[in-house]
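What follows is a set of notes on a single structure, which appears directly below.
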Amino acid sequence: MTTLTSADSATPQAPAGTPAPGRRRGRGGVWRSFLSNRKANVGFGMFFVLLVMAVFPSLFTSVSDPTAPARFTPRLTPSGAHWFGTTSLGQDIWALFVYGAREPLIIAVVAGGLATIVSVLVGVSAAYLGGIPDDIISFVTNVVLVIPTFPLVIVLSAYAGKPTLTIMIAVLVVTGWSYGANQMRAQALSLRNRDFLESARVRGERRSYIIVFEMLPTMTSLIIANFLGAALYSVLAAAGLQFLGLGDPNSDSWGTMLYWADSQSALESGTAWWAILPAIGIAVLGVAFALMNYAFDEISNPALRPVRRQRGRKLGTRRRPGSVRTAAIAGGGAGNE
Amino acid sequence: MRYLLRRVGFFLLTLWAALTLNFFLPHFMPGSPINTLRAQTKGRVSDAQLEQILTSFGYKPHANMFSQYFDYLGNMVTGNWGVSLGSSLGTPVSKLIGESLPWTLGLVGVTTVLAFLLGSLIGTIAAWRRGGVVDSVLPSVFVVTSALPYFVVGLFLILFMTIDNTWLPSSGNYDTSIVPGFSPGFVGSVVKYAALPALTLLITSIGGWVLTMRNNMITTLAEDYIRMGRAKGLSDRKVMLNYAARNAFLPNLSGFAMSIGFVLTGAILVEKIFNYPGLGYQLYNAVNSIDYPMMQTLFMLFTVAVLGALLICDLVTVWLDPRTRAKG
């Protein structure tokens with residue numbers, strides 16, 4: 001949001017006659033639409049609960065070192081002392097679950113964020129450079145896009161030995177940026193020749209200034225949607241890797257927890273919660289990102305919104321095909337009537 | 001025509017890039033495969049044999065990098081994939097893959113096509129009855145199911161269907177007490193054993209199709225030719241299927257090809273959960289036993305699968321959509 005404000009205050013001399021598209025939306029645009037979207041609220045609520053749990057685990061459990069083996073009697077059934085019982089390694093399942101929220105959240109935010117930054121850099125520079133550099137960048141993007149990601153991640157992690165958190169994040173970023181880069185390039189291409197960029201060029205602004213302060217703010221909702229998508233991918237891929245035993249087996253995270261539960265046959269041996277709790281955790285985190293992501297699709301593409309809110313706008317008054325996203329941006333205020 | 005040539009060119013270049021990546025990864029990653037393998041095969045094979053095994057999959061410790069690289073490329077293309085270093089040490093990789101390929105093709109192939117068609121149909125109907133019950137409930141439901149990880153869905157299916165009720169088997173690919181063959185008993189058993197993994201893949205992949213088809217349909221329904229069709233007095237059914245769905249379907253085709261990659265992801269995790277002996281399970285085993293030749297070959301095959309699907313979808317799109325032909 002801060003980029004939006006600075007963009008507004010930094011260009012007071014923008015010609016008054018041509019209101020910059022997207023700028024109209026101003027500070028509260030995207031944010032307000034987000035708040036009024038039910039899917040977004042549900043998703044954000046889920047995310048917030050997990051976030052609190054990850055930041056303040058001691059509020060939820062009194063056990064402070066959940067992975068230490070043999071602290072309690074193994075295979076206890078759920079009771080007041082151990083809400084969801086203990087594992088066959090003698091750990092408290094609830095405490096494992098609470099502390100296990102940290103790593104997936106860090107992976108989601110850091111890997112998702114870095115992948116988005118790479119997407120924006122690659123996509124926007126391809127579109128802006130044009131010509132041969134664009135051809136080369138686009139080709140590389142397309143190659144990375146079609147190479148099957150998860151098998152590559154598996155092979156990479158296998159070569160890296162049991163990867164640490166940093167390596168895991170690096171692998172996820174390397175394999176996760178291409179989809180977004182394609183989208184960013186398409187969006188930047190459609191923005192390239194708009195009037196407000198032309199006017200900035202005529203004013204004699206530098207390229208870097210135009211890209212950062214004129215172009216990127218109009219792409220905010222696409223960038224956020226991209227971040228949410230990349231975060232979702234990272235959570236699921238990391239959990240999948242850890243479940244397959246390709247994570248750090250001593251780390252405390254839901255994926256690792258599932259790996260141990262699976263390898264100790266938790267479902268069959270009466271410690272089913274050991275597998276069920278982390279499964280629910282991963283599912284809730286994934287669903288939270290997916291809901292927020294879909295909400296952003298609805299915000300940037302008004303045609304997709306639940307139909308009751310746009311009554312009176314009948315067929316035929318809609319926009320040209322293929323330009324739904326750009327139309328939503330050019331329409332500026334269309335997002336928050 | 002030129003369009004097609006360009007697509008084939010992209011296919012070949014990408015394949016080459018993937019193969020090259022596949023070759024250089026083990027060479028530049030920390031930890032030497034030779035040492036790992038030496039430790040792993042300790043006592044089982046002599047040094048000379050080990051060297052021979054390594055050579056057979058293009059890893060010649062003493063040859064120079066370039067000749068190694070070209071030998072490797074040649075071997076990948078001609079099917080000389082070397083021998084497995086995993087639990088069945090010494091078995092040719094091609095033989096192991098031949099055994100597991102039909103299972104993955106059957107399970108994943110059928111489920112993917114089913115999910116694609118079913119999802120597109122549901123999406124079409126949802127968009128057509130805009131604002132109806134189906135349209136208000138389904139998007140949320142499918143956003144949720146498509147975000148669920150394969151292994152979570154698989155675990156819950158095992159929990160509810162097999163532990164408590166023993167309705168459906170949760171491990172393996174057929175009842176081993178039946179002799180394989182085209183008998184009703186064997187086919188029935190194969191279907192029964194495939195039911196849970198197939199259901200897992202279906203639940204997690206159908207949502208994406210419903211949502212993209214619905215969104216495409218909504219955009220298409222706003223077009224003038226839809227009003228035209230209505231004004232002509234054509235039946236709703238005809239407008240919905242021949243006018244709207246046909247056009248909304250096209251962008252989904254390339255999405256379908258891209259999804260082969262995701263489906264392979266699903267195959268790896270789902271086959272691992274249900275111990276289903278397909279290619280995904282082979283990859284899992286290969287990684288656990290550091291079976292480099294197997295890993296390299298499987299990764300190559302997965303890439304070929306995605307690229308092949310993409311090429312076929314390009315061909316189909318050219319055939320269905322005159323505009324792509326005109327652009328040529």
Side-chain angles (χ1 to χ4, degrees), chain A residues 38-39 42 139-140 142-143 145-152 154-161 232 235-237 239-240 243-246 258 261-262 267-268 272 275-276 278-280 282-283 286-291 293-294 297 301 303-304 306-308 311 315-319 321-322 324, chain B residues 10 13-14 17-18 21-22 25-26 29-31 130-131 135-136 139-140 143-144 146-152 155-156 158-159 163 211 214-215 218-224 226-227 258 260-262 264-265 268-269 272-273 283-284 286-288 290 295-296 298-299 302-303 305-307 310:
Chain A
R38 225 180 57 214
K39 288 193 192 73
V42 175
F139 175 73
V140 173
N142 283 326
V143 169
L145 191 65
V146 295
I147 289 179
T149 315
F150 195 68
L152 177 62
I154 290 183
V155 173
L156 273 174
S157 333
Y159 287 135
L232 174 64
V235 169
L236 298 187
F243 173 70
L244 290 179
L246 286 170
L258 264 177
D262 187 59
L267 291 185
E268 291 85 5
I276 296 173
I280 292 176
I282 295 167
V287 168
F289 280 116
L291 282 174
N293 194 355
Y294 194 76
D297 266 353
N301 184 354
L304 298 182
V307 84
R308 256 169 243 101
R311 216 158 254 151
L315 296 177
T317 56
R318 298 255 181 74
R319 48 220 101 235
V324 251
Chain B
F10 177 74
L13 266 173
T14 312
L21 182 74
N22 203 6
L25 272 181
M29 280 305 217
R130 197 88 165 82
D135 184 48
S136 350
S140 311
V143 167
V144 169
S146 58
L148 292 177
Y150 299 97
F151 46 94
V152 167
L155 278 176
F156 279 100
I158 292 180
L159 195 63
I163 306 279
L211 294 174
R214 171 180 174 268
N215 294 359
I218 287 172
T219 322
T220 313
L221 283 177
E223 302 254 12
D224 288 337
I226 301 291
R227 304 181 80 198
M258 298 290 300
I260 301 290
F262 293 102
L264 290 171
T265 308
I268 298 167
L269 290 161
K272 150 75 177 106
I273 299 171
L283 180 60
Y284 170 75
V287 165
N288 269 342
I290 326 187
M295 262 155 67
Q296 280 198 330
L298 282 172
F299 181 70
F302 285 164
T303 313
V306 175
L307 285 171
L310 214 57

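In the text below, chain A, chain B and the rest are named by the order of the sequence lines, each starting its count at 1.
- Closest non-hydrogen pair, Gly240(A) versus Leu269(B), comes out as O-CD2, 3.9 Å.
- For chain A, no part of Leu298(B) is nearby; none of its heavy atoms comes within less than 4.5 Å.
- Only the side chain of Tyr284(B) comes within less than 4.5 Å of a heavy atom of chain A; its backbone N, CA, C and O stay farther away.
- Tyr150(B) has its side chain out of reach of Leu236(A): every pair of non-hydrogen atoms, C-beta onward, lies at least 4.5 Å apart.
- Comparing Asn142(A), Asn293(A), Val287(A) by how many heavy-atom pairs each has under 4.5 Å with chain B, the most go to Val287(A).
- When the candidates Leu13(B), Asn215(B), Leu148(B) are compared by the number of heavy-atom contacts under 4.5 Å with chain A, Asn215(B) comes out ahead.
- Heavy-atom distances place the side chain of Leu258(A), and not its backbone, under 4.5 Å from chain B.
- With a 4.5 Å cut-off on non-hydrogen atoms, Leu232(A) touches chain B through its side chain but not through its backbone.
- Of all the listed residues (Val235(A), Ile147(A), Val140(A)), the one sharing the greatest number of non-hydrogen pairs under 4.5 Å with chain B is Ile147(A).
- Looking at Asp262(A), the atoms closer than 4.5 Å to chain B (heavy atoms on both sides) all sit in the side chain, from C-beta outward.
- Note that the CZ atom of Phe151(B) and the CD1 atom of Ile282(A) stand 4.5 Å from one another [nearest 0.5 Å].
- Annotation for Val306(B) and Val146(A): closest pair CG1-O, 3.2 Å, computed over non-hydrogen atoms.
- Using a 4.5 Å heavy-atom cutoff, the side chains of Ile276(A) and Phe156(B) are in contact.
- With a 4.5 angstrom heavy-atom cutoff, Ala18(B) touches chain A via backbone and side-chain atoms both.
- The residue among Thr149(A), Ile280(A), Val143(A), Leu246(A) with the most heavy atom pairs within less than 4.5 Å of chain B is Val143(A).
- Here the closest heavy-atom approach between residue Pro151(A) and residue Phe302(B) is recorded as CG-CD1, 3.5 Å.
- Heavy atoms closer than 4.5 Å to chain A are found in both the backbone and the side chain of Leu155(B).
- For Ala147(B) against Ala290(A), the heavy-atom pair with the smallest separation is CB-CB, 3.5 Å.
- The two residues Pro149(B) and Ala283(A) come nearest to each other via the heavy atoms CD-CA, 4.3 Å.
- The closest side-chain heavy-atom distance from Ile154(A) to Ile268(B) is below 4.5 Å.
- Interface residue Leu145(A): backbone and side-chain heavy atoms are both found under 4.5 Å from chain B.
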